[in-house]
Chemist: 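First the structure, which I've put down as structure tokens, then a few questions once you've had a look.
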Number of protein chains: 4
Amino acid sequence: MTTTSTPPSQSKSASTRRQVSSASARDALIAAAIGEFAAKGFAGARVDEIAGVAGVNKQLVYHYFENKQGLYLVALESVYAQIREKEKALSLDAMGPLEAMSELVGFSFDYLAEHPEFISLLTDENRNRGRYILASDRLKTMHSPFIEMLEATLSRGVEAGVFRAEYDAVNLYISMAGVSYFFFSNNHTLSAIFGRSLDAPSALLQRRRHVIAFVLNALRP
Amino acid sequence: MTTTSTPPSQSKSASTRRQVSSASARDALIAAAIGEFAAKGFAGARVDEIAGVAGVNKQLVYHYFENKQGLYLVALESVYAQIREKEKALSLDAMGPLEAMSELVGFSFDYLAEHPEFISLLTDENRNRGRYILASDRLKTMHSPFIEMLEATLSRGVEAGVFRAEYDAVNLYISMAGVSYFFFSNNHTLSAIFGRSLDAPSALLQRRRHVIAFVLNALRP
Amino acid sequence: MTTTSTPPSQSKSASTRRQVSSASARDALIAAAIGEFAAKGFAGARVDEIAGVAGVNKQLVYHYFENKQGLYLVALESVYAQIREKEKALSLDAMGPLEAMSELVGFSFDYLAEHPEFISLLTDENRNRGRYILASDRLKTMHSPFIEMLEATLSRGVEAGVFRAEYDAVNLYISMAGVSYFFFSNNHTLSAIFGRSLDAPSALLQRRRHVIAFVLNALRP
Amino acid sequence: MTTTSTPPSQSKSASTRRQVSSASARDALIAAAIGEFAAKGFAGARVDEIAGVAGVNKQLVYHYFENKQGLYLVALESVYAQIREKEKALSLDAMGPLEAMSELVGFSFDYLAEHPEFISLLTDENRNRGRYILASDRLKTMHSPFIEMLEATLSRGVEAGVFRAEYDAVNLYISMAGVSYFFFSNNHTLSAIFGRSLDAPSALLQRRRHVIAFVLNALRP
DNA sequence: CATGAATGAGTCTTCATTCAT
DNA sequence: TATGAATGAAGACTCATTCAT
């Protein structure tokens, strides 16, 4: 299942079918919402369009999510939940610090490459000054294991003498994420300014190699 | 000067006043538009609001810019023109490569710190898939001197043996800009996730130091 | 320069040029107005468009004609004046009643064929319930010689025994005009309904022959 | 039924009321639209006014007809549908050719006399150069039985030796319709020019007699 | 649960007209 | 005279949301 929100438990027998249908209708709405909000932002997205893409009646938006904002919040929670899920799958324990760090940088890059909707929704949320992320208890408790993995890898590397000691994990995280994120989030304006197609597969591969080298070089003692 | 090229004020009494008044209505609209579009995006911005903030009649938007999109385009051109203007003021010739690179990284950081509207407009433009930047001849010809300065500084440093030779200038630019840009563009969500106020002055200063160190470290041979 | 392009002030002596230019500006406005009002009706016509087509400043409309309605009235008077002028050129005295009547019918047809704007303006004026024609003293005193010519021709023919005596001139006029007018005024819907191109030159010629024959046949004793 | 196809009334209590209510909102809009468009033309008509007259919310115009043009098209189809309906009720088979022709001419006159909105909408549509009638499949397939009745009556009369053989049915139709149509469509300007009240009941009756006589006289061998 | 109808508060845009020079 | 700037009133159209069944 792509979303996390568990529907409220119902015990009526006949409602089984309804639950199935409900769950899929609800999920379809969330999936459609992620696409619409990512493509057009909160203000530009249309409830009608979301319902249409999901193939359900518009009223269900209000039934499940109260209003457009409620749907937006759930969509945001959903994309965060997805990345958290993927992050948990990372297992760095068997790797040395250099390899582990390389894995972390690569993961950051790859996830953004494959999930443009994550970038778009984050972007919109930042224009809202983080209104929803701050209002959502679920989001606040949805701790990322990534920063802890990064911290642990950094420590291991410092101790092993392969990483500089001067960086704190949060700043390192922001730099590591930033070199990938900015490439994707501003791909169109960068392409226009430099007159290069930065969304071409070859440009992507080249960029991926660059960001790993760049971060690891910066970490050298 | 904040808006598009306006003729310098002249001292002829009669005609000047008219020109000034005309220019100021137009300029006031552009300034207000930058603020509105930055705060709410294209879809969320309200023509009424822009005119109200500018203190002029709403219909002047249509008189001067044809429609909301026209105003948006001019606002976008305006913020690009501003940064290009500042970039031209950079003079690195008297500096050694290390100092010059440090200056470039610091400039990137400082400009974004002082111009959140630049970030917001770029962000929105990227959600539009760069539609306006591609459509604007003015924007396409508004070449940035920055990338050439970076290229020159990089070459100087490589020749002097203080920089690695492996980076190409565009990728280096994106990394250098990204470590600052991402910090500002995603400040709210990062603050929420890390439970830190990354917009506090001290966090800003600390980040500034980090990005300069990070980039220069990555450049070491 | 982005602001108002100040026109080079010309202080050439002769007001002659201005007067000449005035007269032609006024005429140009009337000509453009006839075209616009004919093409789009009073409500659909745009003052800006009229001024643009005439190549003069919009303000002149208000200077010469007070407002849009004033211009419309003058345009209407103008097309009436034109047809009155043409009607005066008809000289039937040397013809027999049959030939004269044929001439009158042919004239009605030809004038409408050549002056679609006359039809369009009359049409719009009728939708206004004749508001302007009733309000205009000029139009009310712009007597048509046509109806008197028709009356005289009819009398001559009745006396000569070649026309029936039963028709009164006004009804005859309306019938004679109607068989041509309806063909032109409703040419598009008639073409669509009958699936024929009634605006083709051959259809026009055929129609012309028909209306003359039809009216003369109806007049036979 | 006056408006476009409405679902046949059913007798289930609940659903019927809804359908009726739905249908009536739609029908009320069409009826109001016919009046407004006839009175002021497409450009002059106001959506607000139409909704107000219909007593429904303005936005239902967009709900049912997409936009102003869509409503205009349906209004046009509606008036065409009305006349087609009436035409079908004509039964000429039991009459001789003279009586039948007289019936056809009288019908043309009477329908226009009773349906000024039909004239007005046709007029506006012709100013549009038949744009809507050409775009509407419904209108193109809404064949008129009138022209076939006229053709049959003409043939019968020619064979019986009471009508001239020279007229083709389309030209005859245009002449027959034109002598009535022009009288009504241009009633106001004609009244003004001739200084007669051509919309008085007596003038109407007199005109009716004239057009029948005129057409039948023209048809005599 | 599901659905189309309905609505009110906007939202961009137009346009005739006036102002200032 | 002539012109661009400016304006108020209104117009078409949108959209999140609610109602009724």
Side-chain angles (χ1 to χ4, degrees), chain A residues 14-15 17-19 21-22 25 43-51 56-64 66-69 71, chain B residues 13-19 21-26 43-51 56-64 66-69 71, chain C residues 3-7 9-10 15 17-19 21-22 25 43-51 56-64 66-69 71, chain D residues 12-19 21-23 25-26 43-51 56-64 66-69 71:
Chain A
S15 63
R17 190 173 306 154
R18 281 183 198 159
Q19 276 195 356
S21 128
S22 303
R46 301 292 163 238
V47 173
D48 270 319
E49 182 74 11
I50 292 171
V56 306
N57 188 276
K58 178 172 49 163
Q59 177 67 9
L60 282 190
V61 170
Y62 299 91
H63 185 258
Y64 286 122
E66 190 169 9
N67 54 25
K68 188 184 180 183
Q69 292 202 349
L71 177 53
Chain B
S13 64
S15 64
T16 302
R17 193 169 304 149
R18 180 160 134 239
Q19 282 195 355
S21 141
S22 304
S24 73
R26 210 184 113 97
R46 299 294 164 236
V47 174
D48 270 325
E49 183 75 12
I50 292 171
V56 307
N57 186 281
K58 172 174 53 163
Q59 279 59 254
L60 287 189
V61 170
Y62 300 92
H63 188 259
Y64 285 118
E66 190 167 12
N67 53 26
K68 188 184 180 183
Q69 291 202 349
L71 177 54
Chain C
T3 59
T4 58
S5 56
T6 45
S9 58
Q10 294 158 352
S15 60
R17 188 172 302 158
R18 280 181 197 163
Q19 277 194 354
S21 127
S22 304
R46 300 292 165 239
V47 173
D48 269 319
E49 182 74 12
I50 292 171
V56 306
N57 187 276
K58 179 172 48 163
Q59 176 68 7
L60 284 190
V61 170
Y62 298 91
H63 185 259
Y64 286 123
E66 190 169 10
N67 54 24
K68 188 185 180 184
Q69 292 202 350
L71 176 54
Chain D
K12 293 170 193 167
S13 64
S15 64
T16 302
R17 193 170 304 149
R18 180 161 135 239
Q19 281 197 355
S21 140
S22 304
R26 213 184 111 97
R46 300 293 164 235
V47 173
D48 269 325
E49 183 74 11
I50 292 171
V56 307
N57 186 280
K58 172 174 53 162
Q59 279 59 253
L60 286 189
V61 169
Y62 301 93
H63 189 259
Y64 284 119
E66 189 166 11
N67 54 25
K68 190 184 179 183
Q69 291 201 350
L71 177 53

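A, B, ... follow the sequence lines: proteins, then strands. Residue 1 opens every chain.
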Chemist: Indicate, with a heavy-atom threshold strictly under 4.0 Å, whether D/Ala45 touches base, sugar-phosphate, or nothing.
Modeler: sugar-phosphate

Chemist: Is it true that the side chains of B/Asn57 and B/Gln59 contain a donor and an acceptor less than 3.5 Å apart?
Modeler: yes

Chemist: Would you indicate, yes or no, if F/dT1 has its OP1 or OP2 atom less than 4.0 angstrom from a side-chain nitrogen or oxygen of C/Asn57?
Modeler: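 Checking F/dT1 against C/Asn57, no side-chain N or O comes under 4.0 Å of OP1 or OP2.
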
Chemist: Whole angstroms only, please: what is the CG-C1' distance between D/Leu60 and F/dC13?
Modeler: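 Roughly 14 Å, once rounded to whole Å.
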
Chemist: Using heavy atoms to find the nearest nucleotide of DNA chain F for D/Asp48 and A/Ala43 separately, return the residue whose nucleotide is more 5′.
Modeler: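 Upstream on the strand: D/Asp48.
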
Chemist: Between A/Leu71 (CG) and F/dT17 (C1'), how many Å, whole number?
Modeler: 14 Å

Chemist: Could you state the OH-P distance from C/Tyr62 to F/dG4, rounded to the nearest angstrom?
Modeler: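 That distance rounds to 16 Å.
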
Chemist: Ignoring backbone atoms, test whether B/His63 places a side-chain nitrogen or oxygen under 4.0 Å from the OP1 or OP2 oxygen of F/dA6.
Modeler: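 It does not, given that no N or O in the side chain of B/His63 lies less than 4.0 Å from OP1 or OP2 of F/dA6.
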
Chemist: On the side chain of A/Gln59, is there an atom forming a donor-acceptor pair with the base of E/dG4 - under 3.5 Å, no angle test?
Modeler: no

Chemist: Between F/dT21 and E/dC1, how far apart are the two P atoms, rounded to whole Å?
Modeler: 22 Å

Chemist: E/dT17 base to C/Lys58 side chain: any donor-acceptor pair below 3.5 Å?
Modeler: yes

Chemist: Measure CD/A/Glu66 against C1'/F/dT18 and give the value in whole Å, please.
Modeler: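 After rounding, the gap between these two atoms is 13 Å.
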
Chemist: Just the rounded figure in Å: distance from P of F/dC15 to CG of A/Asn67.
Modeler: 17 Å

Chemist: Distance check needed: F/dA16 C1' versus A/Glu49 CD, whole Å only.
Modeler: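 Nearest whole value for this atom pair: 15 Å.
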
Chemist: I'd like to know whether B/Val61 forms a side-chain contact (heavy atoms from CB on, under 4.5 Å) with B/Lys68, so could you lay out the CA-CA distance, the side-chain angles of the two residues, the decisive distance to 0.1 Å, and finally the verdict.
Modeler: CA-CA 7 Å; B/Val61 170; B/Lys68 188 184 180 183; 5.8 Å; no

Chemist: Looking at A/Arg46, I'd like to know whether one of its side-chain N or O atoms comes within less than 4.0 Å of OP1 or OP2 on F/dT14.
Modeler: no

Chemist: Choose from F/dA16, E/dA6, E/dT13 the nucleotide whose nearest atom is closest to any side-chain atom of D/Ala25.
Modeler: E/dA6

Chemist: Below 4.0 angstrom from OP1 or OP2 of F/dA6, is there any side-chain N or O of B/Tyr64?
Modeler: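 Result: yes.
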
Chemist: With both distances kept under 3.5 Å, what pairs with E/dA20, Watson-Crick or G-U wobble?
Modeler: F/dT3

